[in-house]
Amino acid sequence: MLAAACSGPGTSTTGGSSGAVCPDGSPLTYDTFGRGFMDAYCTRCHASALPLVSRNGAPVGLDFDTLAEIQANADRIDRQAARGPLGLNNVMPPGAPLPSSAERTDLGLWLACGAP
């Protein structure tokens, strides 16, 4: 379903690592960034309370309701939705609204820092 591809910086990829690296002193935390990003773009399909018919193809059990679930799936989220020096992963989310390039960059940085 997904083919890994690494193109040049800023190009669309489908499933490769964004290559983001955690910057020293990153202000991005679950409270300042992660929770809002997930609520805006991810949990409309990846929430444990959603019935199968409302998940838009998201596998049951692949949920991002909690920080622990996000951290456990950080690599997968990075490959599907983050932007970094190796490219832009824009496979997820499907449909609107979509995260901006800056939000995808912040997602990559936050995940690279361990999604604190």
Side-chain angles (χ1 to χ4, degrees):
M1 184 167 135
L2 295 176
C6 289
S7 302
T11 60
S12 178
T13 62
T14 54
S17 171
S18 72
V21 176
C22 182
D24 290 337
S26 174
L28 300 173
T29 67
Y30 183 65
D31 290 330
T32 65
F33 174 76
R35 181 190 329 261
F37 186 96
M38 293 294 154
D39 286 349
Y41 305 114
C42 305
T43 57
R44 63 184 182 217
C45 300
H46 293 276
S48 59
L50 291 174
L52 181 61
V53 67
S54 299
R55 294 179 67 88
N56 297 308
V60 172
L62 184 59
D63 302 311
F64 305 140
D65 298 318
T66 68
L67 179 57
E69 290 169 317
I70 295 164
Q71 290 169 332
N73 290 285
D75 290 339
R76 174 181 251 164
I77 297 166
D78 180 65
R79 290 188 315 268
Q80 300 287 315
R83 183 176 194 269
L86 297 181
L88 167 63
N89 293 318
N90 59 4
V91 174
M92 291 289 159
L98 295 174
S100 68
S101 184
E103 288 173 308
R104 289 182 188 276
T105 296
D106 284 350
L107 176 64
L109 295 173
W110 178 63
L111 294 171
C113 290

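Counting all heavy atoms, side chain and backbone alike, Ser48 lies closest to Asp65 at OG-OD2, 2.5 Å. Listed here is the closest heavy atom pair of Pro23 and Cys113: CD-SG, 3.9 Å. A pairwise comparison of heavy atoms in Arg44 and Pro94 identifies NH2-O, 3.2 Å as the closest pair. The two residues Pro99 and Pro93 make their nearest non-hydrogen contact at CD-CD, 3.5 Å.
To the nearest 0.5 Å, the span separating CD on Glu69 from CZ on Phe64 amounts to 8.5 Å. His46 contributes atom NE2, which lies 8.0 Å from atom CD1 of Ile77 (distance to the nearest 0.5 angstrom). Distance check: Leu111 CG to Asp75 CG gives 8.5 Å after rounding to the nearest 0.5 Å. Note that the OG atom of Ser26 and the CG atom of Asp106 stand 8.0 Å from one another [nearest 0.5 Å]. Between atom SG of residue Cys42 and atom CG of residue Asn73 there is a gap of 11.0 Å, rounded to the nearest 0.5 Å. Put simply, CG on Leu50 and OG1 on Thr43 are 8.0 Å apart, with the number rounded to the nearest 0.5 Å.
At least one donor-acceptor pair under 3.5 Å links the side chain of Arg104 to the backbone N or O of Ala81. Although no hydrogens or angles enter the test, the distance criterion places a donor-acceptor pair under 3.5 Å between the side chain of Thr32 and the main chain of Thr29. Looking at Glu103, its side chain never comes within 3.5 Å of a backbone N or O of Phe37 through a donor-acceptor pair. Side-chain atoms of Asp78 never come within 3.5 Å of backbone atoms of Ser17 as a donor-acceptor pair (strictly under, hydrogens ignored).
Ring orientation note: the planes of Trp110 and Phe33 are nearly perpendicular, at an angle over 60° on the 30°/60° scale.
Cluster membership for Leu98 and Met38, using ILVMFWY side-chain heavy atoms within less than 4.5 angstrom, is not shared. Cluster annotation: Leu62 and Ile70 are assigned to the same hydrophobic cluster (Ile/Leu/Val/Met/Phe/Trp/Tyr, side-chain heavy-atom contacts under 4.5 Å, transitive). Under the 4.5 Å side-chain heavy-atom criterion for ILVMFWY residues, a single connected hydrophobic cluster contains both Leu67 and Tyr41.
Residues meeting the disulfide bond (SG atoms under 2.5 Å apart) test with Cys45, sequence neighbours left out: none. In this structure, Arg76 has no side-chain hydrogen bond (donor to acceptor under 3.5 Å, both in side chains) partners at least two apart in sequence or on a different chain. Remark: Asp63 pairs with Arg55 by the salt bridge (charged side-chain N to carboxylate O under 4.0 Å, His left out) rule, at least two apart or across chains.
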